[in-house]
Amino acid sequence: MRTATLGPEQRTEALARMAERELDVLVVGAGVVGAGTALDAATRGLSTGIVEARDWASGTSSRSSKLIHGGLRYLEMLDFALVREALKERGLMLERIAPHLVKPVPFLYPLQHKGWERFYAGSGVALYDAMSMSSGHGRGLPVHRHLSRRRALRVAPCLKKNALVGALQYYDAQMDDARYVATLVRTAARYGAHAANRARVVGFLREGERVVGARVEDLEQGGEYEIRAKQVVNATGVWTDDTQALIAERGQFHVRASKGIHLVVPKDRINSTTGLILRTEKSVLFVIPWGRHWVVGTTDTDWDLDKAHPAASSADIDYLLEHVNSVLATPLTRDDVEGVYAGLRPLLAGESEATSKLSREHTVAHPVPGLVVIAGGKYTTYRVMAKDAVDEAVHGLDHRVADCCTEDVRLVGAEGYRAMWNARARIAARTGLHVVRLEHLLGRYGALTEEVLELIARDPKLGEPLPDADDYLKAEIVYACTHEGARHLDDVLTRRTRISIETFDRGTRSARECAELMAPVLGWDAEQVEREVENYEKRVEAERESQRQPDDLTADAARLGAPDIVPL
């Protein structure tokens, strides 16, 4: 296996190698499904490439609720197959594939009606637990429990006494969605895949009706590559229709975008030892533990404006605050909100359904020879989607290909993680870091924490926390560039770390120091450092302005006031 390092040199080499000889599979799009597809193909022994126009997970896959879950509400829709599939995947990630990245998280469901609701909701949660265990991969989570109102208020003192008559508590799982995708890409690279971000497909290569590759523009260093492949997989999520348009094919299905927004508030604003799940008139609302913060979400509204930068309007924020405050004894205000982010769900469209009713199932199609399209689905089931996409691509290859094996493939950092976790006090003493700091690193990098510690050993100053975002060490900023493919300041503050949503200044106070740490690795001069900082500050101001606007149209216009650092 090759290294899992994705630095500037590896990116340049990857583009050159992809253009050198025909690949078996070229994946377009590096969200969770595209990254998972590249890993699936590479681990079957196929020569594989993956290209992404912006950054890993820069679209939907960095803006989710950050949950790995079976979808409890889909039981109510009687979609048992989807829930069973998702629960199996949840168990696999927790136990085998990524125990360093995916962690259990408790949720409290307040009951508001005596008698029937406890029986109705309790039956659903009991079935959820039973389906999880029957998958063979669900024994790592505690089973649900019934609580009286007094016990529920002991667990979650933040709740109004009149907001519940009792409660249920159950477990799901969570991860840092952008970090998970970056780790998937690195794992695919370790198994031989060539990976390049900031590399945009501008057209497909054709021989008659057949797609035989893609023309790819290097948005960083300039130039265009012709990358030939026996099969191309379009895994571009909400951009599926746009990508299909490059071959003048609308495709066999249409993808609609549904916007979901989330608020991030400090841990001390909500006094609870558990997450919350609340019913709304349209869907459900989560209050999710997130380190020293809470994530509150989400909304579910149709979106047909700019896909790259979906904007949260003032109305969206008010909607979430109104619904969460309906059960909180001490209400949240705008001043409590540290961060806001909006993402788009890629939903398979029917004729006129509301987006909240559209299917989270996925579909694979082969619209023209040489091109496979995968769309729909949900984050938790990315591995199944990737398997189905590669299975479809294999039909177009002229040789026998091994079956999918990703059920048994651990992501980089998983191997040796538990041993390092057990030895964390000893490692902390050896390195001079506080054990809590080491736990933070292990939860982000797993066994790859050793690589971060090596950077600190070479330059002890990198062991210092960032002054204005002290959850993160300076070494993590450098590591994002040397090992994780970060190319710009926005990549680091928004996706390699989550400083952009975890600080009240949205990362502007950390921007210059981070840019200066990145500069030597990426070859930036003083002018480029200035440009990166200025661009990031404009982005933050545009986002703040959009969140003051009354509706989607005005919020979108405000957000588009800040140009991308690399124009598409």
Side-chain angles (χ1 to χ4, degrees), residues 65-159 163-175 270 272-279 283-290 294-295 327 360 378-381 383-384 407 417-418 421 443:
S65 296
K66 306 180 187 349
L67 292 177
I68 296 295
H69 63 127
L72 188 57
R73 70 189 179 104
Y74 298 121
L75 278 184
E76 199 168 29
M77 300 176 185
L78 306 182
D79 198 342
F80 299 115
L82 179 62
V83 175
R84 186 179 294 108
E85 180 178 82
L87 287 172
K88 177 187 174 184
E89 294 303 310
R90 184 190 71 175
L92 280 170
M93 284 184 255
L94 277 165
E95 296 169 12
R96 184 186 303 164
I97 294 174
H100 56 314
L101 300 177
V102 180
K103 305 295 179 185
V105 60
F107 285 101
L108 191 78
Y109 176 70
L111 300 169
Q112 297 177 321
H113 306 279
K114 291 185 176 180
W116 69 268
E117 190 182 15
R118 186 178 289 278
F119 174 78
Y120 178 74
S123 299
V125 177
L127 178 59
Y128 195 66
D129 283 347
M131 290 172 73
S132 172
M133 289 186 183
S134 69
S135 73
H137 299 283
R139 301 187 186 280
L141 292 179
V143 295
H144 76 283
R145 59 180 183 150
H146 287 259
L147 302 178
S148 65
R149 176 161 67 179
R150 180 179 295 177
R151 288 183 67 196
L153 290 171
R154 203 174 297 151
V155 170
C158 60
L159 294 172
L164 71 164
V165 297
L168 296 168
Q169 189 174 45
Y170 74 98
Y171 278 77
D172 257 320
Q174 72 174 168
M175 46 68 228
I270 300 176
S272 178
T273 60
T274 179
L276 305 173
I277 177 172
L278 312 169
R279 274 189 178 278
S283 183
V284 293
L285 186 75
F286 287 102
V287 179
I288 306 162
W290 179 254
W294 297 96
V295 173
V327 299
R360 298 312 303 273
K378 58 201 292 282
Y379 199 113
T380 303
T381 57
R383 195 192 63 81
V384 179
E407 194 168 309
Y417 158 68
R418 295 195 194 281
W421 180 265

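Since the model is a prediction, treat every value here as computed from it, not as a measurement.
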Problem set entry | Check: Glu407 and Arg383 side chains under 4.5 Å, non-hydrogen atoms | yes
Exercise. Once you round to the nearest 0.5 Å, how far does CG of Leu92 lie from CG of Leu87?
Worked result: 11.0 Å
Exercise. Any donor-acceptor pair under 3.5 Å linking the side chain of Ser272 with the backbone of Thr274?
Worked result: yes
Exercise. Within a strict 4.5 Å, meaning less than it, do heavy atoms of the Tyr379 and Met175 side chains meet?
Worked result: yes
Problem set entry | Ring centre gap for Phe80 and Tyr74 strictly below 6.0 Å | no
For this session: Find the distance between CG (Leu153) and SG (Cys158) and round it off to the nearest 0.5 Å.
Result: 9.0 Å
Exercise. Between Gln174 and Pro289, is there a donor-acceptor pair closer than 3.5 Å when you use the side chain of the first and the backbone of the second?
Worked result: yes
Problem set entry | Any side-chain heavy-atom pair of Pro110 and Leu278 under 4.5 Å | yes
Seminar exercise, completed: d(Arg73 CZ, Asp79 CG) to nearest 0.5 Å is 11.0 Å
Exercise. In terms of ring plane angle, is the pair His146 and His144 parallel, tilted or perpendicular, where the classes change at 30° and 60°?
Worked result: perpendicular
For this session: Hey, could you give me the CD1/CG distance between Ile277 and Leu285, rounded to the nearest 0.5 Å?
Result: 9.0 Å
Exercise. Hey, are Arg90 and Thr380 close enough side-chain-wise for a donor-acceptor pair under 3.5 Å?
Worked result: no
For this session: For Gly71 and Val83, work out which heavy atoms get closest and say how close.
Result: O-CG2, 3.5 Å
Seminar exercise, completed: Heavy atoms of Gly122 and Leu168 approach each other most closely as N-CD1, 3.6 Å
Problem set entry | Between Tyr109 and Arg279: side-chain donor-acceptor atoms closer than 3.5 Å | yes
Seminar exercise, completed: Output for pair (Lys103 NZ, Met93 CE), nearest 0.5 Å, gives 13.5 Å
For this session: Step by step, work out the side chain to side chain contact (heavy atoms under 4.5 Å, CB included) result for Leu159 and Leu276.
Result: CA-CA 10 Å; Leu159 294 172; Leu276 305 173; 4.1 Å; yes
Problem set entry | Lys378/Glu89 salt bridge by N-O under 4.0 Å criterion | no
For this session: Calculate, to the nearest 0.5 Å, the distance between atoms CG and CG belonging to Leu111 and Leu108 respectively.
Result: 8.5 Å
Exercise. Does Leu94 reach the side chain of Pro104, with side-chain heavy atoms less than 4.5 Å apart?
Worked result: yes
For this session: Taking all non-hydrogen atoms of both residues into account, name the closest pair between Asp172 and Gly70 and its distance.
Result: OD1-N, 3.8 Å
For this session: Can you sort out the partners of Arg96 under side chain to side chain donor-acceptor pair (under 3.5 Å), two or more places apart, ordered by chain and number?
Result: Asp408
Exercise. In terms of the angle between their ring planes, are Phe286 and His69 parallel, tilted or perpendicular, with boundaries placed at 30° and 60°?
Worked result: perpendicular
Exercise. Would you say the side-chain atoms of Ser123 pair up with the backbone N or O of Phe119, donor to acceptor, closer than 3.5 Å?
Worked result: yes
For this session: Answer whether the closest heavy-atom distance between the side chains of Ile288 and Phe107 falls below 4.5 Å.
Result: yes
Problem set entry | Note, Leu141 side chain near Tyr170 side chain (heavy atom, < 4.5 Å) | no
Exercise. Are the side chain of Thr381 and the backbone of Val384 linked by a donor-acceptor contact shorter than 3.5 Å?
Worked result: no
Seminar exercise, completed: Pro106 and Gln169 have their tightest heavy-atom pair at CB-NE2, 3.9 Å
Exercise. Does the side chain of Tyr171 reach to within under 4.5 Å of the side chain of Val105, using non-hydrogen atoms?
Worked result: no
